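Just so we're clear, the structure is a prediction, and the values are computed from it rather than from any experiment. Every chain is numbered from 1 and lettered A, B, ... according to where its sequence line falls, protein lines coming before strand lines.
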Amino acid sequence: MYHVLFQPFTDVNWSFFGWLNEGPLTLSFFLHGLIVLPMFFIYFQEKKRLKNKQENDGE
Amino acid sequence: MQRQNSFKYESQKLASWYFTVAVILFGAQLLLGLVAAVQFIYPSFLYDVLDFSIARMIHINALVVWMVYAIIGSVYYLLPEETGIETVGIGIAKILFWVLTIAVAIVVLVFLFIQIGPAKTSTIWFITEGREYLEAPRWADIGIVVVVVGFVINTFLTAIKGRRTGVITVILADLIALAGLYLAGMFYTDNIAMDQYWWWWVIHLWVEATWEVLVGAFAAYALIKIVGAKRQIVEMWLWIEVAMLFGSGILGLGHHYFWIGTPEYWWEIGALFSSLEPVPLIGMFVHVLYDWGKDKGERMGEGEKDVTSNNTPALVWLVINGFGNFLGAGVWGFFHTLPQVNIYTHGTQFTAAHGHLAFFGAYATILIAMFYMAIQGKNGIKKLRATFASKMAIFLLSFGMLGMTVALTIAGYEQVMIERAQLGGTWSAYFVAQNEVWMAQAMDWRFFMGIVMTIGFIYLVKDLWTIGRNPQNVY
Amino acid sequence: MSKRKVSVWTDNRFWQRSAAWVTGVAAVLLIWLTFDTMGQIRMGNQKDINAHIDKRVPSPTVINYKIGYKMNAKRGLEVPTIGGSDANGNSLFTIKQKFFGRDNYTQKEADALVNLGKLAEQSKNCMDCHTLLGNGGYYAPDLTKAWLDPAWGKNGPMQAITGTHSRAEAMAAFLQHPGRYPMHARRMPNLHITAREAKGLVAFLKQMATIDTNGFPRGFGKIKEANYAETK
């Protein structure tokens, strides 16, 4: 399985992105993760804001 | 003009100028497209007079320029309505319109009559830059940048002074990116890999990112105007679309970096991000239909009898846009976006098939919808009904483009399989594939469908010219 | 105090902030990737060839060498070779080949030739009929590996038709008078290419053929039956 999931580095020049590309979808997870994961933080922050707003409105 | 002008704002009058030039250039695009299509069938047609390279160059440049005109026009049209005030610096905006139009006219004349030059830097400055889509010589590039910067500043100042809606915020941010990206195409390098790398920054980040976001914003505005959709919901959709379009589209640029000398890691980046590009396009289509149906249902529930939209031709073009964007940009794009198939499809008629349907489905349609909205505004029409000519234009343009795309797709399959996969892509392999009867038939059909589209275009012009004046269509 | 649930998913501010974040990060990542790629596709020079270093975009002085396009054992795809190749498809950087009678173009001369060729390629609008690196018009053959095309080789028809004895000379002759050597009903128009410009263009084409395009076009020129097929 190892040689299927992890491919040896074969490109002309070494680079960080080329290195990440050796693992199974590791490059994609890295890039997508940076883009999508912080949205959870935004989500909870906004949830807190909306709850606070609702409480203030209720009083 | 002798017609009564009901525009409330000068900005909308200026928009109608932009739209007029856009329609003329649309016609030029079709005409030169027909010339190029004939040359595929009869290669000696206009040989050494108006060669394929020149016909195609004007064909694709007219396309980009008419769309840029229609985009600028659309922004000037919706700007005062969204912000609630007249566009700031409208006098300068009108001067910039003439500067741009004169520059475009000179460039077209040079393209037509001088065509090419010696291998010198002066050719690149004054005749042609020779980089597909970016052929405009450098002096014109600088002119375009000046005009566009003026346009962006105008929009910006108006938005600051007036009401800043979500639609305006998106358009503003997008226009700054759009103008900035053009600079990436304004330099010379002897390194063709570097040249193509930055060339795609302009081409891809325009048509697969910033332009798509403008489509989202125009659709949002149109839905509010013509079916009375709720702004809050429409703008929420718009932000989701922006997130998804830029989230997939910016790094989706990688699908152009498979074979131009760039590193292998672009295979994975390009494949995965560009595969996600159709997702927001499905969302946009669902969104248009959903809002239309929902609003209609609500008003019917309230006992309202006349629940049709207030601008039928614009609405139909908007729905075609939703579907055409998904089909042309999404489905046809995905067909050949993975490197495993792109190694064979790259640079074949398959790309042409995708390009044709995507530009039409994603952009031509929504811009035509904006034309109809301007007609409605210009004549102060409460409800605009589709005429026979509107319907013929809708049918012939859409059917013609779909037929052309199918023809080019078949040509693409044949070329991919025979020239590339079977014969290994050499000079003679190329001509073996071009001589195949399947290619010849496809090119005949493409020409025929081009004629169908041109007839549709004539109906469109007739309709845009007359629909507002005929009281029968207005109620 | 109400305990009603709040809906973040239908909140405009959440989506607006998400859109801004996604766009910003994607743009920053693209810029980062661009810096990385720029470093890799910068044009090489003769020192790289002397040191046997593979460059994605090699030095213009490759015009002094024999070049090829071989399946590379390590890469698993076809890679351009410079100055001959070993059994694994790696460049040897040794075997020279005369380019218009010379194989000792200096860095400066070679740079100037490729630059002239690139200027000519743009000035003559090549890309509105041909594709280069697969981009351009689809009315004429792809030029990515045109230098290596068997049509211009010893067994191909073009040297005999143009009355020349090398690839470079055959290509230059054709470029200057394309109407004289019709290969197909679809003739290349006369673009008033001078002898000097033609030499530059051929240098540009030869250097382009040595760009590592990750194996595009696949199997180029490998199918013998296809190479000299009748082209009308």
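C:F204 touches chain B through its side chain: at least one heavy atom from C-beta onward sits under 4.5 Å away, while N, CA, C and O do not. Residue B:I233: no heavy atom, backbone or side chain, is found under 4.5 Å from chain C. If you measure heavy-atom distances from B:Y265 to chain C, the contacts under 4.5 Å come from the side chain alone. For B:D51, the part lying under 4.5 angstrom from a heavy atom of chain C is the side chain only. Heavy atoms closer than 4.5 Å to chain C are found in the side chain of B:E135, but not in its backbone. With a 4.5 angstrom heavy-atom cutoff, C:T34 touches chain B via backbone and side-chain atoms both. Both the backbone and the side chain of C:T37 come within contact range of chain B, each with at least one heavy atom under 4.5 Å from a heavy atom of that chain. Contact annotation for C:N115: both backbone and side-chain heavy atoms come within less than 4.5 Å of a heavy atom of chain B. When heavy atoms are compared at a cutoff of 4.5 Å, C:L77 approaches chain B solely by way of its side chain, counted from C-beta outward. For C:T10, the parts lying near chain B are the backbone and the side chain together; criterion is any non-hydrogen pair under 4.5 Å. Residue contact with chain C, scored on non-hydrogen atoms closer than 4.5 Å, involves the side chain of B:Y430 exclusively. B:E241 does not touch chain C: none of its heavy atoms, backbone or side chain, sits under 4.5 Å away. Both the backbone and the side chain of C:R187 come within contact range of chain B, with heavy atoms under 4.5 Å apart. Residue C:E197 touches chain B through its side chain alone, counting heavy-atom pairs closer than 4.5 Å. For C:M158, no part sits under 4.5 Å from any heavy atom of chain B, backbone or side chain. Contact of C:W21 with chain B is not made at all, since no heavy-atom distance falls under 4.5 Å. Contacts between B:P118 and chain C at a heavy-atom distance below 4.5 Å involve backbone atoms as well as side-chain atoms. Contact annotation for C:I211: only side-chain heavy atoms (C-beta onward) come within less than 4.5 Å of a heavy atom of chain B. With a 4.5 angstrom heavy-atom cutoff, C:L148 does not touch chain B via any of its atoms. Of the atoms belonging to B:S248, not a single heavy atom falls under 4.5 Å from chain C.
The residue among B:D190, B:I127, B:L253, B:I269 with the most heavy atom pairs within less than 4.5 Å of chain C is B:D190. For the options C:V114, C:L116, C:L33, heavy-atom pairs under 4.5 Å to chain B are most numerous at C:L33. For the set C:R218, C:R17, C:Q122, the count of heavy-atom pairs under 4.5 angstrom toward chain B peaks at C:Q122. Heavy-atom pairs under 4.5 Å with chain B were tallied for C:G137, C:G200, C:P217; the largest tally goes to C:G137. With chain B as the partner, the residue from C:I193, C:L201, C:L132, C:L191 showing the most heavy-atom pairs under 4.5 Å is C:L191. The greatest number of non-hydrogen atom pairs below 4.5 Å with chain B, out of C:E121, C:M127, C:M38, is found for C:M38. Chosen from B:G247, B:G166, B:G117, B:A352, the residue pairing most often with chain C at heavy-atom distances under 4.5 Å is B:G117. Ranking B:T262, B:I260, B:I60 against chain C, the residue ahead of the rest is B:T262, based on heavy-atom pairs under 4.5 Å. Chain C forms more heavy-atom pairs under 4.5 Å with one residue of B:L238, B:D195, B:L245 than with any other, namely B:D195. Ranked by non-hydrogen atom pairs under 4.5 Å with chain C, the options B:F258, B:W199, B:W237, B:W200 are led by B:W200. When B:W239, B:Y344, B:Y42 are compared by the number of non-hydrogen pairs under 4.5 Å with chain C, B:W239 comes out ahead. In terms of non-hydrogen atom pairs under 4.5 Å with chain B, the most contact-rich of C:A120, C:P189, C:G219 is C:P189.
In C:K47, the NZ atom is not crowded: 12 or fewer heavy atoms of neighbouring residues, nucleotides or ligands sit closer than 6.0 Å. Enclosure of atom CZ in B:R231 by more than 12 non-hydrogen atoms of other residues, nucleotides or ligands within 6.0 angstrom is indicated. Other residues, nucleotides and ligands contribute only 12 or fewer heavy atoms inside 6.0 Å of the CE atom of B:M417.
Taking the six-membered ring for Trp and the full ring otherwise, B:F40 and B:F52 have centroids separated by under 6.0 Å. Ring-centre distance between B:H346 and B:H336: not below the 6.0 Å cut-off. B:W427 and C:F174 have their aromatic ring centers within a separation under 6.0 angstrom.
Seen from the ring of B:W125, B:R138 counts as a face-on cation partner, given the 6.0 Å and 45° thresholds. C:Y139 carries C:R186 over the face of its six-membered ring, with the cationic atom under 6.0 Å from the centre and within 45° of the normal.
In this structure, a donor-acceptor pair under 3.5 Å is absent between the side chains of B:E264 and C:N214. Under 3.5 Å, the side chains of C:N190 and B:D48 contain no donor-acceptor pair of N or O atoms. A side-chain donor from one of C:T131 and C:D142 sits under 3.5 Å from a side-chain acceptor of the other. With 3.5 Å as the limit, one finds no donor-acceptor pair spanning the side chains of C:S59 and C:Q46. Remark: the C:N135 side chain and the B:H256 side chain contain no N/O donor-acceptor pair separated by less than 3.5 Å.
Scanning both residues, B:R420 and B:I343, for their nearest heavy atoms gives NH1-O, 4.2 Å.
Judged purely by atom type and a 3.5 angstrom limit, C:T106 uses its side chain to pair as donor or acceptor with the backbone of C:E109.
Of the candidates C:R75, C:K145, C:K55, C:R75 is the only one forming a salt bridge (Lys or Arg N to Asp or Glu O under 4.0 Å) with C:D212.
C:K124 contributes atom NZ, which lies 11.5 Å from atom OG of B:S53 (distance to the nearest 0.5 angstrom). Here the CD atom belonging to B:E419 is positioned 9.5 Å from the CZ atom belonging to B:F431, to the nearest 0.5 angstrom.
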